[in-house]
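Each residue takes its place number in the sequence, starting with 1.
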Amino acid sequence: MKILKYTYLLFLGMLLSCNDTIDENKNLDFGTIRDAEGYYQEGDKKFKLYSGGIFRLNETGDLKNLFPPSINHAISSRIALQIYQGLVKLNQRTLKVENLLSKSIDINETGTQYTFNLVDSVFFQDDACFESGKGRMLTANDFKFCFDLICSDVEGNRSSNIFLDRIVGAREHFESTSIGEFPKEGVSGINVLDDHTLQINLIQPCSFFLKILAHAQCTVYPKEAYEKYGTEMRVKTIGTGPFILDNMIEGNELRMVKNTKYWESDEHGNSLPYLDVIKMTFNSDKKIELTNFKKSNLDMVYQIPVDQLKEVLVSLDSAKSGGNPEFQYQSKKNGLSTVFYCFNMEKSIFQDIRIRKALNFAIDRRKITKYSLQGETAEALSGLVPTVGNYDNTNVRGFDFNPKLAQDLLAEAGYPGGEGFPAIVLEISENNYLNPIVAEAIQSMLKENLGVNIKIDYTSLTVLIERFTNGVSDLWGSIWMADYPDPQNFLQLFDGSSVPESSVDKNGDAVLEPSYTNPSRYKNDDFDYFYSKAVGATSEEVAIENYYKADSILVADAAFIPIYYEHYIRLLQNNVHGFPQNAMEYRDFTRVFLSKK
């Protein structure tokens, strides 16, 4: 069996090599670093521009799905956004919304109507789904089709919540498709005025609507591709973006190549993107990843193993003092990512607020971040939302470490010293190298401070998501990385209105429908009230005030167990340029370039 596996991988490797040769035959310079016109300014330094080259990186988890409406995973999103594009995008440095396939946007006085004027002469990538095999021109009808699909109850759609109860007619359209009826006119609030003009009407103002449209779920693809490939679009991609998915061995590696027909050029007249190839491997071993970076086999590393962080920083400081650092070091202390544990509110044990509070007060978050994680993260002593923009999360007070109070609450709930406490399983994804470190520290604290035994079950992220969305898990670990830079993107995880109603089987037993947005199935009328006020606010000030109140309610109700806020650390080879870091680890490779060593 091992021999067969080896032969299969060798054959696939030969296929990759053959494709490399084909590309090089078309252009003998393909993959090499070539002179380009102009210079790039980075702070007080100026770098000559180059095109070409192969950018190599590794992800410690696998991609899940590249079909835009199905994307609910950070790695999948980072890949998809190099292939697909939306009306707008985020600035890679500031995370501010910028035009992309929309060249201008008109918003009416009430903030309920958005009119998008599209860029001319943008073409989809070539594919057999088109009659001639050649990509056709993008029109507003393509966005209409994709946005209507987001509002449809179809297989693979995981994104309907971003438009339902937000766009006029979206809810009605979804309910019609749920019974197999697909209205010819689509969603009434999404209208094509002409080939290059799209208009969207909202039920009420939404201060973060453009941020939503920057998400990978809102990117555009051709109707022809969906009709030809259907669910195969999980890995079959046809977009308008700077890169084309060329080859992939799932769980091993993928390769994206430059879209030679891409529509953008830089201010010097150079065609974009600068890079010829992005090669991505999938290896969960962070130590191997770091070793490959040190050997110059990778051009970047995202997040450093805890036990090697000090060594890396000492090496960097030593090199800096000599004026010759080995690599570039990038750090963001206020990353838009929260690590927390979720309760299944359908489980009777977690319907007791005293239990939820006891577990929270029994955890020493400072000890975890200082010793277990060696200062690589910030303890979550506020609410769910990290500091984002003008939202300062220090205005929300979280849980202090108070083992005495935790013991009293547990005893009051009927479990003095943990006696009689039911068996609870904490389910953790094995895809993140920090997860076991944190889980085992918390397991020890709950045993020591409460006498509560928690079993840890490590599983793949795919299996974990399947279990908690279907209400099977008791308690599970979650890492929420912002899809867009707004508090709403975090707080939506506890929006009671997104919890589906339970059905009843033929035996009269309750059947839980999958709950994708709010897998905890948490409901609190006060939270929903302030969350809704924030979402519908016409000013950022009013929105933030209500977000504070909503987040504070989650803490007061012990709706979850906050653990830490992530710090983002990246290492880049010295010849990597045009790749600024941001608080979301949002990546846009369009203008990233490699200089000659």
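Checked against the 6.0 Å centroid criterion, the rings of F147 and F163 qualify as a close aromatic pair. Residues Y586 and Y484 keep their aromatic ring centres 6.0 Å or farther apart.
Proximity of L245 to K236: side-chain heavy atoms (C-beta onward) are nowhere separated by under 4.5 Å.
When atom types are taken as modelled, the side chain of S70 and the backbone of G156 share a donor-acceptor pair closer than 3.5 angstrom. With hydrogens and angles disregarded, no donor-acceptor distance shorter than 3.5 Å links the side chain of D153 to the backbone of F174. When atom types are taken as modelled, the side chain of T177 and the backbone of G180 share no donor-acceptor pair closer than 3.5 angstrom. Between the side chain of K144 and the main chain of I190, a donor-acceptor pair closer than 3.5 Å is present. Remark: side-chain polar atoms of Q492 are paired, donor with acceptor, to backbone N or O of N489 under 3.5 angstrom. A side-chain donor-acceptor contact under 3.5 Å links T338 to the backbone of L384. Judged by distance alone, with hydrogens and angles left aside, the side-chain atoms of T469 form no donor-acceptor pair with the main-chain N or O of Y516 at under 3.5 Å. Between the side chain of W476 and the main chain of V425, no donor-acceptor pair closer than 3.5 Å is present. Side-chain N or O atoms of K286 include none that pairs as donor or acceptor with a backbone N or O of T60 at under 3.5 Å. Side chain of H215 to main chain of D483: no donor-acceptor pair is present (N/O by atom type, distance under 3.5 Å, no hydrogens or angles).
For K549, the side-chain contact (heavy atoms from CB on, under 4.5 Å) test picks out F530, E545, N546, with sequence neighbours left out. Residues passing the side-chain contact (heavy atoms from CB on, under 4.5 Å) test with P416 are A411, sequence neighbours excluded. Scanning for side-chain hydrogen bond (donor to acceptor under 3.5 Å, both in side chains) contacts around N344 gives an empty result, with sequence neighbours left out. Evaluation of the salt bridge (charged side-chain N to carboxylate O under 4.0 Å, His left out) rule for D408 yields K404 as partners, not counting sequence neighbours. Qualifying ring pair (Phe, Tyr, Trp, His ring centres under 6.0 Å) partners for Y391, counting only residues two or more places apart in sequence or in other chains: Y548. Applying the ring pair (Phe, Tyr, Trp, His ring centres under 6.0 Å) test to F209 and every residue at least two apart in sequence or in another chain returns Y114. In this view, Y522 and F494 satisfy the ring pair (Phe, Tyr, Trp, His ring centres under 6.0 Å) rule, not counting sequence neighbours.
Applying the salt bridge (charged side-chain N to carboxylate O under 4.0 Å, His left out) test to every pair with at least one member in residues 431-453, sequence neighbours left out, gives no pairs at all. Pairs of residues two or more places apart, or lying in two chains, never qualify as salt bridge (charged side-chain N to carboxylate O under 4.0 Å, His left out) while including a residue from residues 155-164. Applying the salt bridge (charged side-chain N to carboxylate O under 4.0 Å, His left out) test to every pair with at least one member in residues 165-182, sequence neighbours left out, gives these pairs: D165-R171. For residues 399-429, the ring pair (Phe, Tyr, Trp, His ring centres under 6.0 Å) pairs, not counting sequence neighbours, are F361-F399, Y415-F421. Counting only residues at least two apart or on different chains, the salt bridge (charged side-chain N to carboxylate O under 4.0 Å, His left out) pairs with a member in residues 340-355 are K347-D474, D352-R354, R354-E412.
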Discussion item. What verdict does the side chain to side chain contact (heavy atoms under 4.5 Å, CB included) test give for N518 and L493, after you've listed the backbone C-alpha separation in whole Å, the side-chain angles of each residue and the deciding distance to 0.1 Å?
Written reply: CA-CA 5 Å; N518 180 354; L493 301 176; 6.0 Å; no

Discussion item. Assess the residue pair F282 and L254 against the criterion (side chain to side chain contact (heavy atoms under 4.5 Å, CB included)); give the C-alpha distance rounded to whole Å, side-chain angles, the decisive distance to 0.1 Å, and a yes or no.
Written reply: CA-CA 9 Å; F282 300 93; L254 68 75; 3.8 Å; yes

Fill in: Candidate pair N201 and T112, rule side chain to side chain contact (heavy atoms under 4.5 Å, CB included), full reasoning
CA-CA 6 Å; N201 295 289; T112 57; over 6 Å; no

Worksheet item: side chain to side chain contact (heavy atoms under 4.5 Å, CB included) between V385 and F490: does it pass, once the steps are laid out?
Response: CA-CA 6 Å; V385 185; F490 291 85; 3.9 Å; yes

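Donor-acceptor pairing under 3.5 Å is lacking for the side chains of Q199 and N191. Between T240 and Q85, the side chains place a donor N or O and an acceptor N or O closer than 3.5 Å (distance only, hydrogens not considered). Residues Y547 and D486 have side chains that bring a donor and an acceptor to within less than 3.5 angstrom of each other. A side-chain N or O of T462 and one of K64 form a donor-acceptor pair less than 3.5 Å apart. A donor atom on one side chain and an acceptor atom on the other are found under 3.5 Å apart for N157 and S159. A donor and an acceptor atom, one from each side chain of D557 and N524, are located under 3.5 Å apart. Judged purely by distance below 3.5 Å, without hydrogens or angles, the side chains of Y531 and Q488 pair a donor atom with an acceptor atom. Side-chain atoms of S497 and D495 include a donor-acceptor pair closer than 3.5 Å. Side-chain polar atoms of S498 and N161 form no donor-acceptor pair below 3.5 angstrom.
Taking the centre and axis of the six-membered ring of Y302, the NZ or CZ atom of R587 falls inside the cone set by 45° and 6.0 Å.
Enclosure of atom CD in E513 by more than 12 non-hydrogen atoms of other residues, nucleotides or ligands within 6.0 angstrom is indicated.
The minimum heavy-atom distance linking A439 with L426 is given by the pair CB-CD2, 4.2 Å.
Residue L381 holds its CG atom at 10.0 Å from CZ of R397, rounded to the nearest 0.5 Å.
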